[in-house]
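Presented below is the structure to which this report refers.
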Amino acid sequence: MDPANGPVVSMLNEIADILEITGSDRFRPIAYRRAARTIEALPKPIQDYIKDGSISELPGVGEAISQKVKEYALTGKLDYLEKLRKGIPPGLLELLNLQEVGPKTVGRLYMELKITSIDELQRACEEHSVSKLKGFGEKTEERILQSIKFYRGSSRRFILSTGDSVASSIIAHLSANAKLIEAAGSLRRRKETIGDLDVIVASDDSPAVMDRFVSYPDVSIVYSRGETKSSVLLNSGLQVDLRVVDEKSYGAALLYFTGSKDHNVELRNLAIDRGYKLNEYSLSQRNGDQFVAGRTEKEVYDALGLQFIEPELREARGEIEAAREGRLPRLVAESDIKGDLHCHTNWTDGSSPIEAMIEAAENRGYQYMGISDHSKSSKIAKGLSEEMMERQLKRVEKLNSSGKYQIRVLCGSEVDIMPDGRLDYDDALLSRMDFVIGSVHSRFNMEKAEMTERLLTAMSNDYITVLGHPTGRQLGSREAYAFDAERIFEAARDKKVILEVNGSTERLDLNDQLIMEAKRHKCVFMLNTDSHHFTSLANIRYAVSMARRGWLTAVDVANTSDLKEFSSMIG
DNA sequence: GCCGTTTTCGGCCCGACTGTTTTCAGTCG
């Protein structure tokens, strides 16, 4: 997605929301949402499509919507939307964020009880005036109160690594009754954050699986418990949905619940084109329901004439077309990685000694690894003074010549990029290092132009090898700083500065979309962990996940090369 | 509102679960 399109996407979705609440033709809001999805997935700003007239060729964007998008893009507002907004009180839209409360419910609550905000809804439920409405009852009232409580509580997205640990614990809990079991959804697609967790099970004894599931110790609320589907809320606020299917439907179910939604819509439409019907049970003949495929995902893709599409690619970003034409990339895999250069030690803010980091890297089968402690200005991180840096260089040299390790240990530094773009050590010291990771750790709130200059200046230093965690974002706590990505990626390519994909679980930086953009600029990448403890070297899987979501192959990634070739790349 | 090798009008992905029903509407994914 191009971030510049965000406002247009919200505009279209808001129109859809209002149309749903006011109860117009059922299909008009669907049309607006479809157009919003299309525009959300565009790689370039919508203005580009308006300029060359290709906007009305976008799927789901016809005459009426393209006119509205043009007006909005040109003037920053839209008459039609202003008029719609006047028709309903402003607080009404927020009610849609409540679980189990949809547009029909909001519409009726407004029409019959004059409810226009979450506060008013809460009061109405507490006074039991909602349950007196026709079609509503006590349980509905309680459910709404619960949703309100949840909505006001925790943030509703979880980082990927949290999802991984919950998933493996639930899978362990259920595995005795499951023939096949796997986490699906955004977790399986390796999205940077997940909203909920989907688990798919193949089993002959569905009731037993369901019983076991709803009695998982960490469950706080059971939302639903059915024969094939159950849904619970954990104490952490994470919702978990479980589906149980027959073994012969397992692949179809996994495919269906892995998504993304847009990928599924495209797949189903392709199925229809080919005379089939695709649902969570099988791919079947459109007439007669005869089973065609469904035991495995590959079986379904095969029957549709597609290459197998890795879950990380299933975002409706052109992967289905590529699969049809047999030109999907062979994605980089964890087993391709031959070294990790972003490792801190207890010389600065890490908690493991150099030797422990080296041994952990060796145990992973790496050919090389890099020590990259903080530079002197990172006071909080106990950055190394020049003298200490000198000592560390000598220490690593000694370890390499000790004969104790098979692995080659490189010594570098994660050097602060100062506000003016200079690096935190002088060139003489930098020149003696095997590699240099330049990172921004201060003054995150610079203006875009200033930050861009800062990064460009840093990248023009001859000794910088890698741009570390290029956007500085931390999931759920710190936004990416502003900079002109296009200029930075062009400079990275021209100056041969490698872009880091940082696998630290709170960072995941670059993210998938920026990776795709950088790849279009023909940049080279390096996958690192930013480990502060020897066990964190395993986080390389998260860097790999982002890289795969960004369509990277081993060729795009510097640290898939053997030591010899790699040395020439960083040298 | 969009779209078309079944259609320029009449469809629009589709199935599970819940609650309030007495056969179904609303919500979700």
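Within every chain, numbering begins at 1; the chains are lettered A, B, ... in the order of the sequence lines, protein sequences first and strands thereafter.
A/Ile15 comes within 4.0 angstrom of nothing in the nucleic acid, heavy atoms only. Nucleic acid contact for A/Arg286: sugar-phosphate only, since backbone atoms but no base atoms lie under 4.0 Å from a heavy atom of the residue. Residue A/Pro103 is classed as a sugar-phosphate contact, given heavy-atom separations below 4.0 Å to backbone atoms only. If you check every strand for non-hydrogen atoms under 4.0 Å, A/Glu138 touches sugar and phosphate atoms only. Residue contacts for A/Arg26: at a heavy-atom cut-off of 4.0 Å it reaches no nucleic acid atom on any strand shown. Contact annotation for A/Ile65: backbone-only contact, meaning every heavy-atom pair under 4.0 Å involves sugar-phosphate atoms and none involves a base.
Distance check, rounded to the nearest 0.5 Å: CD of A/Gln122 to CD1 of A/Ile144 gives 11.5 Å. Here CG of A/Leu499 is found 11.5 Å from CG of A/Asp556. Values are rounded to the nearest 0.5 Å.
Distance check on atom P: B/dG1 versus B/dT5 gives 23 Å, rounded to whole Å. For the C1' atom pair drawn from B/dC12 and B/dT6, the interatomic distance equals 16 Å after rounding to whole Å. Between the P atoms of B/dC17 and B/dT23, the separation comes to 22 Å (whole Å). Across B/dC14 and B/dC9, the matching P atoms stand 24 Å from one another, rounded to whole Å. Comparing B/dA16 with B/dG11, their P atoms are spaced 24 Å from each other, to the whole Å. With P as the reference atom, B/dT22 and B/dC28 are 24 Å apart, rounded to whole Å. As rounded to the nearest Å, B/dC2 and B/dC13 have P atoms that lie 15 Å from one another. Between B/dG10 and B/dG15, the two P atoms lie 25 Å apart (nearest whole Å).
For B/dG29, the OP1/OP2 oxygens have no side-chain nitrogen or oxygen of A/Arg268 closer than 4.0 Å. A sub-4.0 Å separation between OP1 or OP2 of B/dC28 and a side-chain N or O of A/Lys229 is absent. In terms of phosphate contacts, A/Tyr281 brings a side-chain nitrogen or oxygen within less than 4.0 Å of OP1 or OP2 of B/dA16. The shortest distance between the side-chain N/O atoms of A/Asn279 and the OP1/OP2 oxygens of B/dG15 is below 4.0 Å. A/Ser230 has no side-chain polar atom (N or O) that falls below the 4.0 Å cut-off from OP1 or OP2 of B/dC17. When the side-chain nitrogen and oxygen atoms of A/Thr228 are compared with OP1 and OP2 of B/dG15, none of them lie within a distance under 4.0 Å. Residue A/Thr140 has a polar side-chain atom (N or O) positioned under 4.0 Å from OP1 or OP2 of B/dT20.
Taking each heavy atom of A/Asp509 and A/Arg473 in turn, the nearest pair found is OD2-N, 3.7 Å. Closest approach of A/Leu514 and A/Ala485 over heavy atoms only: CD2-CB, 4.2 Å.
With respect to A/Asp512 and A/Arg548, no salt bridge is recorded, no charged nitrogen being found less than 4.0 Å from a carboxylate O.
In the set B/dC2, B/dG29, B/dT20, the nucleotide with an atom closest to the side chain of A/Lys261 is B/dG29. Distances from the side chain of A/Asp196 to the nucleotides B/dG29, B/dA16, B/dG1 place B/dG29 closest. For A/Glu280, the listed nucleotide lying nearest its side chain is B/dG15; candidates were B/dC2, B/dG15, B/dG26. For A/Arg34, the listed nucleotide lying nearest its side chain is B/dC3; candidates were B/dC3, B/dG15, B/dT18. Taking the side chain of A/Thr105 as heavy atoms from C-beta on, and the options B/dG19, B/dA16, B/dG26, the nearest nucleotide is B/dG26.
For B/dT8, there is no paired base (Watson-Crick or G-U wobble, both distances below 3.5 Å).
With hydrogens and angles left out, the side chain of A/Tyr256 and the base of B/dG29 share a donor-acceptor pair within 3.5 Å.
Relative to the six-membered ring of A/Phe525, A/Lys519 misses at least one condition, a distance below 6.0 Å or an angle of at most 45° to the axis.
Residue A/Phe27 and nucleotide B/dC2 are not classified as a stacked aromatic pair, given the requirement of ring centres less than 5.5 Å apart at an interplanar angle below 30°.
For the pair A/Leu160 and A/Arg190, the minimum side-chain heavy-atom distance is below 4.5 Å.
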